[in-house]
Amino acid sequence: MNVARRQAVTLALARPPRPAGPDWWQALQERAWNRYQAVGLPGPRLDDWKYADTHPLTQVDLRLPSGDVAPMDAAQVAMEGVEGPLVVLVDGVFHPGLSRLDELPDGMTVSPLETALGSGGGGVERVGALAELDRDDAGLRALNLALASTGVVVELAPDCRPSAPLSLVHLVTEAGLAPQWRHVLRLGEGAVLTLLERYQGLGTHWHNTVVEAEVEAGAELNHIRLAEGDESAFLTHESWVTVAAGGRYLGAGAAHGHRLARLFGSVSLDAPEARAAWYGVYGGTGRHQADHTTHTHHRAPRTESVQLFKGVLGEGARGAYTGRVVVHTGAQKIRAEQKNANLLLSRNAEADARPQLEIYADDVQCAHGATVGELDADALFYLRARGIAEADARALLTRAFIEDVLVAFPLEAAARWVRERLGQGGGT
Amino acid sequence: MSASEKQPLLIIEDLWVEVEGKSILKGIDLTVNYGEVHAIMGPNGSGKSTLANVLAGREGYSVTRGRVLYKGQDLLEMEPEERAREGIFLAFQYPVEIPGVNNVYFLKAAVNAVRKHRGLPELDAMDFLELVKEKMAQMKVREEMLYRAVNEGFSGGEKKRNEILQMALLEPTLAILDEIDSGLDIDALRDVAEGINALRGPERAFIMVTHYQRLLHYIEPDYIHVLAYGEVIRSGDRALAHELEERGYGWLLEERGLDASGAEAS
């Protein structure tokens with residue numbers, strides 16, 4: 001691998017003076033820290049980061065959370081229409097008072113990272129197993145591991161199928177904080193889980209998250225990420241997933257309004273009939289920048305992947321979709337579909353669409369398409385000719401544009417959340 | 001609003017319209033009074049649909065001369081949605097499919113936009129459903145169409161029924177029907193015509209743009225205007241329809257000294 005011939009750009013974030021946790025963990029963090037120092041922040045020299053500019057991150061003052069629990073009340077973390085277990089993570093800390101983990105179904109365990117590290121077992125040893133550190137673009141996940149604030153370790157026993165989603169609420173209440181969230185999940189055979197991650201923050205802040213998930217044979221993980229920010233908010237999120245025979249991973253993501261929001265996902269379909277689906281919606285106005293990047297590895301025959309991403313970009317906003325699909329040798333009779341469509345609401349908006357296919361098998365079905373367009377003038381006139389004000393007609397058509405992505409969101413409350421924010425015409 | 005006979009609703013005076021630099025309408029004069037039904041007929045390319053679209057406010061048409069007064073106001077200064085709220089309704093020749101927008105949501109938004117403008121309280125979901133179901137029964141529109149996307153996957157007949165359903169809901173003062181009969185089989189045509197006839201009354205007027213006579217068997221107009229090459233070349237009462245049915249348009253063109261290309265014959 002070609003090591004960058006330049007000084008790595010790193011943030012002024014230091015490791016805590018006293019490392020904690022078991023020896024193996026400290027060694028892992030040490031290794032991650034060294035890796036981060038070597039590669040630094042990912043930048044435009046990396047193809048995957050061509051449309052996600054990390055430079056603004058180096059221009060703001062950021063610090064690691066101090067570990068204090070901020071006063072919060074339940075109303076600040078509730079989401080209408082969502083029941084079930086809840087993990088509240090505030091300013092880098094697990095918030096036991098607001099979290100709701102007392103009525104987990106049989107076969108499901110959810111532990112804060114530090115608790116899991118203290119007691120050992122429960123799957124915590126798998127942290128770092130999937131989110132590899134060797135590549136040049138490992139800077140953010142290396143930093144995340146070296147400085148991990150907290151996170152959850154989730155295990156589902158075979159055939160455990162909780163009826164309600166598991167919610168992870170990530171909050172920053174103090175400007176300047178840069179929590180590093182680390183989650184690890186394993187779904188046993190036939191288990192089914194909906195995981196809803198939400199992100200919010202006040203003032204300049206940066207959420208940096210890495211999720212690692214193993215989906216075993218016949219299991220299904222519905223993974224939703226919803227993030228709301230403003231022009232001083234940063235979000236970088238990586239999901240690393242493996243799917244075994246007949247298992248299914250569905251990743252649905254929406255980010256709204258951030259200075260930079262990058263949602264990355266890598267899924268490895270390791271055995272026959274494993275499936276992956278990616279759905280994403282992004283949009284904003286002003287200096288908002290959104291980037292959805294996916295890597296989908298078909299490593300076994302008869303695996304399937306579908307991707308549908310839509311952007312609604314207003315004045316000055318930039319949105320990018322990069323979807324890399326790799327069909328490995330021997331992965332015959334696979335099916336892979338990618339679709340990306342963008343609605344530009346202003347001439348100063350920019351959309352970049354990059355479907356990328358690498359195929360090393362000969363009996364495959366791969367399709368991709370990308371479009372960039374404006375609102376349909378005929379539809380707009382039709383609505384106005386029925387008395388609907390132009391602004392309302394535009395909002396209605398904008399919502400309609402993203403609706404086919406939203407119906408694929410595995411939780412109606414999440415779809416509604418996106419509709420309310422992105423359906424207004426790229427931001428309000 | 002008091003509606004009495006011979007009270008003008010729409011006055012078009014010397015209207016000239018260009019599309020992409022080409023003259024399409026060349027000095028149209030037309031007065032429509034409350035309670036009247038006017039049919040605008042003519043060969044293809046005569047400018048009939050242009051007239052309908054200009055009245056509804058569609059973009060892409062430039063008015064180079066003349067004026068249009070609607071209820072005494074300058075119509076051409078109004079945005080399309082203002083015109084709709086003031087009671088102008090265009091039934092589209094090609095109703096637009098809008099994927100992702102639920103028909104019932106669209107209908108309710110339209111009805112409430114118009115009601116709000118008229119100073120009436122907006123209808124809630126329950127009241128609206130009651131209203132729309134009543135109108136749908138009258139229009140023989142299947143209820144499941146409510147929950148589909150606007151016009152998406154509708155047959156030609158369903159689209160036109162949906163247009164008339166919208167008209168029945170919005171209760172316009174001036175309804176402009178652009179080729180409402182095109183693409184309809186006889187049963188659908190009869191239903192659509194019934195829907196239109198049910199709305200006829202002294203408080204509103206209709207302009208029906210059509211290429212074919214057959215619509216006039218179902219909706220009898222008070223006046224007929226023949227439009228050719230951007231001009232009204234003949235106006236008359238119902239008797240003119242019968243004459244056109246027998247003789248076609250050719251004799252009118254000849255009488256006006258126009259050849260088939262629209263140029264002045266020497």
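Please read these numbers as outputs of a predicted model, since none were measured by experiment.
Looking at A:D378, the atoms closer than 4.5 Å to chain B (heavy atoms on both sides) sit in the backbone and in the side chain alike. Contacts between B:R58 and chain A at a heavy-atom distance below 4.5 Å involve backbone atoms as well as side-chain atoms.
Taking the six-membered ring for Trp and thresholds of 30 and 60 degrees, A:H237 and A:H223 have ring planes inclined between 30 and 60 degrees apart.
In this structure, A:R386 forms a cation-pi arrangement with A:Y382, its terminal cationic atom sitting closer than 6.0 Å to the ring centre and no more than 45° off the ring axis.
For A:E412 and A:R419, the salt-bridge test passes: some basic side-chain N is under 4.0 Å from an acidic carboxylate O.
Residues of residues 89-124 of chain B lying under 4.5 angstrom from chain A, judged on non-hydrogen atoms, are B:F89, B:L90, B:A91, B:F92, B:P95, B:V96, B:I98, B:P99, B:G100, B:V101, B:Y105, B:F106, B:A109, B:A110, B:A113, B:V114 in numerical order.
B:E81 places a side-chain N or O within 3.5 Å of a backbone atom of A:E390 that can act as its donor or acceptor partner.
Only one option out of A:Q307, A:H292, A:K310 pairs with A:Y321 in a side-chain hydrogen bond (donor to acceptor under 3.5 Å, both in side chains); it is A:Q307.
Side-chain atoms of B:L30 and B:I40, non-hydrogen and from C-beta on, do get closer than 4.5 Å to each other.
Note: A:L168 CG to A:L195 CG = 5.0 Å, rounded to the nearest 0.5 Å.
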